Amino acid sequence: MIDFAKIVSTTDRYNFHSHTQFCDGRADMSVMAEAAVASEMLHWGFSPHSPVPIESSCNMSKDDVASYVEEVQRLKNLLGSRINLYTSMEIDYLGDEWGPSHSYFDTLPLDYRIGSVHFLPCGEGYVDVDGRFDSFKIKMERFFNNDIRHVVETFYLQSVNMVKAGGFDIIGHFDKIGHNASMFAPGIEDEEWYVECVDRLVDAIIESGVAVEINTKVWDGEHRIFPAFRYLPRLIDSGVTIVVNSDAHYPDKVDAGREEVVKRFVKMIDNCKN
């Protein structure tokens, strides 16, 4: 597996979270790779949303996995002297029946795995709560009776269970639910029960030793990262490996938000040391 700690200690020219035509990305892998090279990235990971055993327009099909792996290898052969390319997936956790620890992913030649929660159980199925707020608001009423506390607590419970199940190397945007939740119920992230939910997840992350992603996808527009800055000191003090990823879906977003966030993150590290 990749030594993320070594990479982030020597360079900030990396991004381990990106999406292309194989899931909900908006450009071909070759275009994204060339954009990464143009941005002087030294390490670039392709991480399509994994196949899932439920209906999802955002996730790749199992039928496309072989083509995806072949395309990464083709690009490695083509660009290997200019950039280190990696084969990965952002794997959705759906409980005991599906997640990063599922044996299916052991059959794939992945360089690393990102574990993320996008879907929450609802009745006999799952609902994606990761999209835009307009969609989230509709789903809150349709599927969750506008019970935002239930949605938040379920999100963090799923996340803790995913960490305990293991099978992945980086946890993706671990407080992402806060983005929609805070628009649905302003101030919710400051409530004691919410903070306790995050603290339990941070405890599990520290105990597991899994690397943590700082996701800068919406920094330029929303001035927000996942996880929020307030949760970073504990993670820094614990010594867990932290990587800064742009979660790029477009070639002009390969480095989106990373420069400023990396600078702020480095200052936080220095403050924690003093």
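FYI, side chains are in, hydrogens and waters are out, and symmetry mates aren't considered; it's all heavy atoms of this structure. What you see is a predicted model, and the numbers here were worked out from it, not measured in a lab. Counting begins at 1 with the first residue of the sequence.
- Listed by chain and residue number, R74 satisfy the side chain to side chain donor-acceptor pair (under 3.5 Å) test with E71 (two or more places apart in sequence, or in another chain).
- Under a cut-off of 6.0 angstrom, the local environment of CD in E141 is sparse, with at most 12 non-hydrogen atoms contributed by other residues, nucleotides or ligands.
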Apply side-chain contact (heavy atoms from CB on, under 4.5 Å) to residues V163 and E207 and explain how you reach the verdict. CA-CA 9 Å; V163 171; E207 183 177 353; over 6 Å; no
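- Nearest heavy atoms, S246 versus A256: CB-O, 3.8 Å.
- E213 contributes a side-chain N or O that, together with a main-chain N or O of H173, makes up a donor-acceptor pair within less than 3.5 Å.
- When atom types are taken as modelled, the side chain of R26 and the backbone of D24 share a donor-acceptor pair closer than 3.5 angstrom.
- Looking at S18, its side chain does come within 3.5 Å of a backbone N or O of G45 through a donor-acceptor pair.
- Taken together through direct or relayed side-chain contacts under 4.5 Å among Ile, Leu, Val, Met, Phe, Trp and Tyr, F229 and V244 form part of one hydrophobic cluster.
- In terms of heavy-atom proximity, A165 sits nearest to Y93 at CB-CE1, 4.5 Å.
- Between the side chain of S56 and the main chain of C58, a donor-acceptor pair closer than 3.5 Å is present.
- Side-chain atoms of R258 come within 3.5 Å of backbone atoms of Y14 as a donor-acceptor pair (strictly under, hydrogens ignored).
- The closest donor-acceptor contact from the side chain of S47 to the backbone of E90 lies at 3.5 Å or more, if one exists at all.
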Dump the intermediate steps for side-chain contact (heavy atoms from CB on, under 4.5 Å) on H249 and C23, then the final yes or no. CA-CA 10 Å; H249 287 62; C23 56; 6.0 Å; no
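- Other residues, nucleotides and ligands place more than 12 heavy atoms under 6.0 Å from the CG atom of N77.
- Under the side-chain contact (heavy atoms from CB on, under 4.5 Å) rule, P121 has a single partner from T154, L94, V127, which is T154.
- Distance CZ/R149 to CH2/W193: 5.5 Å, rounded to 0.5 Å.
- When each of D28, N59, D64 is checked for a side-chain contact (heavy atoms from CB on, under 4.5 Å) with F22, only D64 meets the rule.
- Of the possible polar contacts, none joining the N245 side chain to the D247 backbone as a donor-acceptor pair under 3.5 Å is found.
- Cluster membership for V202 and V117, using ILVMFWY side-chain heavy atoms within less than 4.5 angstrom, is shared.
- Looking at heavy atoms from C-beta onward, N15 lies out of side-chain contact with V254 at the 4.5 angstrom threshold.
- For A33 against L75, the heavy-atom pair with the smallest separation is CB-CD1, 4.4 Å.
- Under the 6.0 Å cut-off for aromatic ring centres, Y112 and F4 qualify, their centroids lying closer than that.
- Using a 4.5 Å heavy-atom cutoff, the side chains of I7 and F16 are in contact.
- For the pair L157/R200, no side-chain contact is recorded, criterion being any heavy-atom separation below 4.5 Å from C-beta on.
- With respect to the salt-bridge test (charged N to carboxylate O, under 4.0 angstrom), the residues R230 and D175 do not qualify.
- Ring planes of F184 and F136: perpendicular class, angle over 60° (limits at 30 and 60°).
- Taking 4.5 Å as the limit, every side-chain heavy atom of I2 sits out of range of all side-chain heavy atoms of D169.
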How far apart are the C-alpha atoms of V129 and M140, what are their side-chain angles, what is the distance that settles it, and do they pass the side-chain contact (heavy atoms from CB on, under 4.5 Å) test? CA-CA 9 Å; V129 296; M140 281 296 302; over 6 Å; no
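- Side chain of N215 to backbone of K217: a donor-acceptor contact under 3.5 angstrom is found.
- Other residues, nucleotides and ligands place more than 12 heavy atoms under 6.0 Å from the CD atom of Q73.
- For the ring pair (Phe, Tyr, Trp, His ring centres under 6.0 Å) test, residues two or more places apart in sequence or in another chain that qualify with Y194 are Y156.
- Once rounded to the nearest 0.5 Å, the distance linking CG of L232 with CG of D237 reads 10.5 Å.
- Proximity of a side-chain donor or acceptor of T107 to a complementary backbone N or O of Y104 within less than 3.5 Å is detected.
- Every side-chain contact (heavy atoms from CB on, under 4.5 Å) that D106 has, sequence neighbours left out, goes to S103, R113.
- Of the charged side-chain nitrogens involved, at least one lies within less than 4.0 Å of a carboxylate oxygen, so that R234 and D199 count as a salt-bridged pair.
- When side chains are defined from C-beta on, P100 does not count as touching F105, because their heavy atoms never get closer than 4.5 Å.
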Take I242 and I236 through the side-chain contact (heavy atoms from CB on, under 4.5 Å) test and state the conclusion after the steps. CA-CA 8 Å; I242 301 175; I236 293 170; 4.0 Å; yes
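- Hydrophobic clustering of Ile, Leu, Val, Met, Phe, Trp and Tyr side chains at less than 4.5 Å, counting indirect connections, unites V240 with I269.
- Between M89 and V65, the closest side-chain pair of non-hydrogen atoms falls below 4.5 Å.
- Pairing each heavy atom of M29 with each of V72, the nearest pair is CE-CG2, 3.3 Å.
- By the ring pair (Phe, Tyr, Trp, His ring centres under 6.0 Å) test, H49 pairs with H19, H118, sequence neighbours left out.
- Distance check, rounded to the nearest 0.5 Å: OG of S39 to CZ of R13 gives 6.5 Å.
- Clustering ILVMFWY residues whenever any of their side-chain heavy atoms sit less than 4.5 angstrom apart, transitively, puts I205 in the very cluster that holds V243.
- Side-chain contact between F174 and L201: present, with at least one pair of heavy atoms (C-beta onward) separated by less than 4.5 Å.
- Looking only at distances, a side-chain donor or acceptor of W98 sits under 3.5 Å from a matching main-chain atom of P51.
- For the side chain to side chain donor-acceptor pair (under 3.5 Å) test, no residue two or more places apart in sequence or in another chain qualifies with S101.
- We find the CD1-CZ distance between I225 and F265 to be 9.0 Å, quoted to the nearest 0.5 Å.
- Residues meeting the side chain to side chain donor-acceptor pair (under 3.5 Å) test with E196, sequence neighbours left out: none.
- With hydrogens and angles left out, the side-chain atoms of E260 and H223 include no donor and acceptor closer than 3.5 Å.
- Contact of the Q158 side chain with the F119 side chain is not registered, since no non-hydrogen atoms from C-beta on lie closer than 4.5 Å.
- With rounding to the nearest 0.5 angstrom, the CD atom of E259 is 11.5 Å from the OG1 atom of T216.
- Between K253 atom NZ and M32 atom CE the span is 11.5 Å, to the nearest 0.5 Å.
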